[in-house]
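Please read the structure below before turning to the comments.
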Amino acid sequence: MDFCNEQVLFMIRHIAVTPSILFLSVWIGGIVCIVCSTVRNYMRLYRIIPRFPDLADDSGGKVSAILTAIYNTNPIRRPVKKVIRTRFVNTPCVIGFFSPVIFLPDSDFTQEELYCILFHELSHLRHMDFIWMLFAEILRVLNWWNPFVILLRKRLSDILEYHADNATFSSLPPTRRTLYLDCLIKVARSQQRKQPLPAMTLPFSKSSPGSTTCRVLRLINTESCRSFTNYFITGIAVLMLFASTLFIFEPAWKSENGANGIYYITDDSYLLARTDGTYEFYIDDEHYVGIITNRNLEEIRDLPVYDKNNLD
């Protein structure tokens, strides 16, 4: 892109604002807004961590016993640093990679429900889903203007939840698996309000009824939830994301040569001989100027002449 020859839209304190500068400013402004919003949501949750006791050391050792049982059968590389209960979240979720913390909403859960919830959240850590979410978040920040990136991030989040659902569901005895389905529905119904969570947080349930229904139906296999369609749409979103980077829009630039009817003869100028004895005059190897009847003019007598009929 030729920044030097762009049209100036307006001036701000002796600074010329061109289309490229304007678009670049809007893009950077969008990135700054998204990053600030993400950091604010993270800080909101991280500030409350020290204010609540660790349930692993409370509740009569119930949470600690569940975590120990899960670690013994399904070890993970980075154990949970803390498990807290707070009204600041409306669904169980896990946040953090190096020192993960599990948040539980201010609801009453039985020991079996806690096992399902904790196993689900620990599955995200075991599968290292935060790496995928980080990749999707970087794409979203850099391509915030692209709706296909938002669709890609949503589909990726759904796939990660399906993966954690399968891990938890398969860990339960067949006679106890309905408990996990009931737990999913219970948490979804308790989400009375939408509550913003940090971008890379992996929630146990979403407030959308369709999402919960799809997950339940997918687990019990009584009705197809179009998992193939989900993967297909994700693939299309990925292709559209990369296809969108193949096109670069640049502002049009009109050469100053020819402005106001004034032309400057350059080294790429030439004449095309016509059958009627006249010549077509071209400058800059592409701009047609007009018909020349007298080639002996001083300005054009030394220009190369080509036969129009013999051109390939």
Side-chain angles (χ1 to χ4, degrees), residues 1-35 135-156 229 231-312:
M1 183 180 295
D2 192 350
F3 291 93
C4 298
N5 295 316
E6 284 190 85
Q7 180 182 3
V8 177
L9 300 178
F10 51 88
M11 302 288 294
I12 299 179
R13 295 185 178 181
H14 306 292
I15 299 177
V17 179
T18 63
S20 296
I21 294 178
L22 181 61
F23 292 147
L24 183 63
S25 300
V26 172
W27 177 61
I28 294 177
I31 292 176
V32 172
C33 291
I34 294 175
V35 171
F135 172 74
E137 186 61 18
I138 292 175
L139 287 180
R140 185 180 76 95
V141 171
L142 297 179
N143 301 274
W144 57 265
W145 46 269
N146 192 336
F148 292 103
V149 176
I150 301 176
L151 176 61
L152 172 63
R153 183 180 178 277
K154 182 179 182 300
R155 291 301 177 182
L156 177 61
T229 303
Y231 287 101
F232 177 76
I233 294 177
T234 302
I236 293 297
V238 172
L239 291 178
M240 293 301 297
L241 168 63
F242 287 103
S244 66
T245 62
L246 299 178
F247 302 95
I248 301 177
F249 296 94
E250 297 184 355
W253 173 72
K254 183 178 180 180
S255 173
E256 294 182 357
N257 204 354
N260 300 322
I262 300 176
Y263 294 91
Y264 303 94
I265 298 178
T266 64
D267 294 337
D268 294 328
S269 302
Y270 60 90
L271 300 174
L272 284 182
R274 295 160 51 98
T275 56
D276 58 0
T278 59
Y279 302 89
E280 295 180 5
F281 182 26
Y282 291 85
I283 63 174
D284 291 337
D285 199 27
E286 59 179 2
H287 297 293
Y288 172 73
V289 178
I291 302 296
I292 302 297
T293 58
N294 184 10
R295 187 193 165 214
N296 294 322
L297 296 176
E298 181 179 356
E299 293 82 359
I300 63 174
R301 66 175 59 173
D302 296 328
L303 293 179
V305 179
Y306 302 99
D307 189 349
K308 186 175 183 180
N309 296 325
N310 293 334
L311 291 178
D312 293 335

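For the numbers below, each heavy atom of this structure counts, side chains included, while hydrogens, waters and symmetry mates do not.
- The residue from Tyr282, Phe281, Tyr279 that alone fulfils the side chain to side chain contact (heavy atoms under 4.5 Å, CB included) condition with Tyr270 is Tyr282.
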Side chain to side chain contact (heavy atoms under 4.5 Å, CB included) between Glu280 and Leu271, intermediate numbers included
CA-CA 5 Å; Glu280 295 180 5; Leu271 300 174; over 6 Å; no

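- In this structure, the separation between CD1 on Ile31 and CG on Asn143 is 8.5 Å, given to the nearest 0.5 Å.
- Taken to the nearest 0.5 Å, the CD1 atom of Ile150 stands 10.0 Å off from the CH2 atom of Trp144.
- Of all the heavy atoms in Trp145 and Pro147, the pair that sits closest is O-CD, 3.4 Å.
- We find the CD1-CG distance between Ile292 and Leu303 to be 9.5 Å, quoted to the nearest 0.5 Å.
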